[in-house]
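In what follows, a structure is listed as structure tokens, so that the remarks can point back to it.
Residue numbers run from 1 in the order of the sequence given.
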Amino acid sequence: MLKLGPDQRSEITAAARDASERRIFALLREHYGPTSVWPGDAQGLEVVRAATVKAAGYEMTAERDIFKIAALMLSFSDDFDTREAWAREIVAAREGNAPIAELWYQAGIAEVRRYEDAARES
């Protein structure tokens with residue numbers, strides 16, 4: 001049986017996280033790069049890294065969840081989960097460590113549509 005030392009495990013974990021963040025970044029740039037919310041590649045990668053940390057704080061590690069959190073951070077703010085009432089309500093209603101990124105994402109889309117509808121009506 002192969003045994004890895006702590007330094008080797010740490011290097012493997014860091015490499016896996018870096019590869020994951022680069023995949024999420026590529027998808028985020030594909031979807032948001034041509035929009036006004038895209039902060040540029042360097043800052044976009046920082047958003048992905050911050051989203052990874054935020055997701056981990058909510059015990060969500062799936063790339064799809066991190067992507068959604070990063071998208072919400074671009075669209076609203078890096079503290080959308082505590083700043084936006086709809087996001088706080090989702091956190092408050094969360095049962096245990098159930099993933100909530102999809103709920104946040106759907107609520108965020110609804111909020112953007114309300115904003116766009118209001119802008120068209122004015």
Side-chain angles (χ1 to χ4, degrees):
M1 176 189 305
L2 177 66
K3 291 193 178 198
L4 299 175
D7 290 341
Q8 292 167 312
R9 281 194 298 274
S10 179
E11 286 181 31
I12 290 170
T13 300
R17 183 177 52 235
D18 184 59
S20 176
E21 288 174 348
R22 293 205 175 276
R23 285 190 298 273
I24 295 165
F25 169 79
L27 186 59
L28 199 66
R29 183 174 55 189
E30 178 183 329
H31 288 278
Y32 290 91
T35 71
S36 63
V37 300
W38 185 248
D41 287 358
Q43 188 62 31
L45 188 55
E46 289 304 313
V47 168
V48 171
R49 289 181 177 139
T52 301
V53 171
K54 184 178 292 290
Y58 287 102
E59 299 180 51
M60 294 183 285
T61 58
E63 288 184 12
R64 68 182 173 275
D65 292 336
I66 297 167
F67 170 83
K68 290 171 185 169
I69 290 169
L72 291 165
M73 290 170 72
L74 285 175
S75 298
F76 293 96
S77 68
D78 60 345
D79 63 347
F80 77 91
D81 55 323
T82 57
R83 177 183 290 209
E84 302 292 334
W86 52 266
R88 289 192 312 269
E89 290 170 9
I90 291 169
V91 171
R94 184 182 192 200
E95 294 185 16
N97 65 350
I100 55 175
E102 179 62 26
L103 297 173
W104 274 339
Y105 196 67
Q106 293 303 321
I109 290 170
E111 187 67 20
V112 167
R113 288 185 178 147
R114 275 192 290 280
Y115 175 79
E116 289 173 342
D117 290 347
R120 274 195 292 271
E121 292 173 3
S122 59

(request) Given side-chain contact (heavy atoms from CB on, under 4.5 Å), test Asn97 with Met60 step by step and report yes or no. (result) CA-CA 8 Å; Asn97 65 350; Met60 294 183 285; over 6 Å; no

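- Here the closest heavy-atom approach between residue Arg29 and residue Pro34 is recorded as O-CD, 3.9 Å.
- Note that CG of Leu103 is 9.5 Å distant from NZ of Lys68, once rounded to the nearest 0.5 Å.
- A salt bridge is absent between Asp117 and Arg114; no separation between the charged side-chain nitrogens and carboxylate oxygens falls under 4.0 Å.
- Nearest heavy atom pair, residue Ser20 against residue Glu63, reads OG-OE2, 3.0 Å.
- Heavy-atom minimum distance, Ala51 versus Ile66: CB-O, 3.8 Å.
- When every heavy atom of Phe67 is checked against every heavy atom of Ile24, the shortest pair comes out as CA-CG2, 3.9 Å.
- The 12-atom threshold is exceeded at CZ of Arg94, counting heavy atoms of other residues, nucleotides or ligands nearer than 6.0 Å.
- No path of Ile, Leu, Val, Met, Phe, Trp and Tyr side chains, each step under 4.5 Å between heavy atoms, connects Leu72 with Tyr115, placing them in separate hydrophobic clusters.
- Rounding to the nearest 0.5 Å places CZ of Arg49 at 11.0 Å from CD of Gln43.
- In this structure, Thr52 contributes its side chain and Val48 its backbone to a donor-acceptor pair below 3.5 Å.
- Classification of the Trp86-Phe80 ring pair by plane angle, with boundaries at 30° and 60°, yields parallel.
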(request) List the steps and the verdict of side-chain contact (heavy atoms from CB on, under 4.5 Å) for Val47 and Asp78. (result) CA-CA 8 Å; Val47 168; Asp78 60 345; over 6 Å; no

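- One finds the OH atom of Tyr105 at 13.5 Å from the CZ atom of Arg64 (value rounded to the nearest 0.5 Å).
- With salt bridges taken as basic N to acidic carboxylate O contacts below 4.0 Å, none links Arg113 and Glu116.
- The structure places CD1 of Ile69 at 7.5 Å from CD1 of Ile100, a figure rounded to the nearest 0.5 Å.
- Remark: side-chain polar atoms of Arg88 are not paired, donor with acceptor, to backbone N or O of Ala92 under 3.5 angstrom.
- In this structure, Arg17 CZ and Thr61 OG1 are separated by 12.0 Å, a value rounded to the nearest 0.5 Å.
- Between the side chain of Trp38 and the backbone N or O of Tyr32 there is no donor-acceptor pair closer than 3.5 Å.
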(request) Verify side-chain hydrogen bond (donor to acceptor under 3.5 Å, both in side chains) between Asp65 and Tyr58, making sure each step is shown before the conclusion. (result) CA-CA 10 Å; Asp65 292 336; Tyr58 287 102; over 6 Å; no

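- The nearest pair of heavy atoms linking Ala87 to Asp81 is CB-CA, 3.8 Å.
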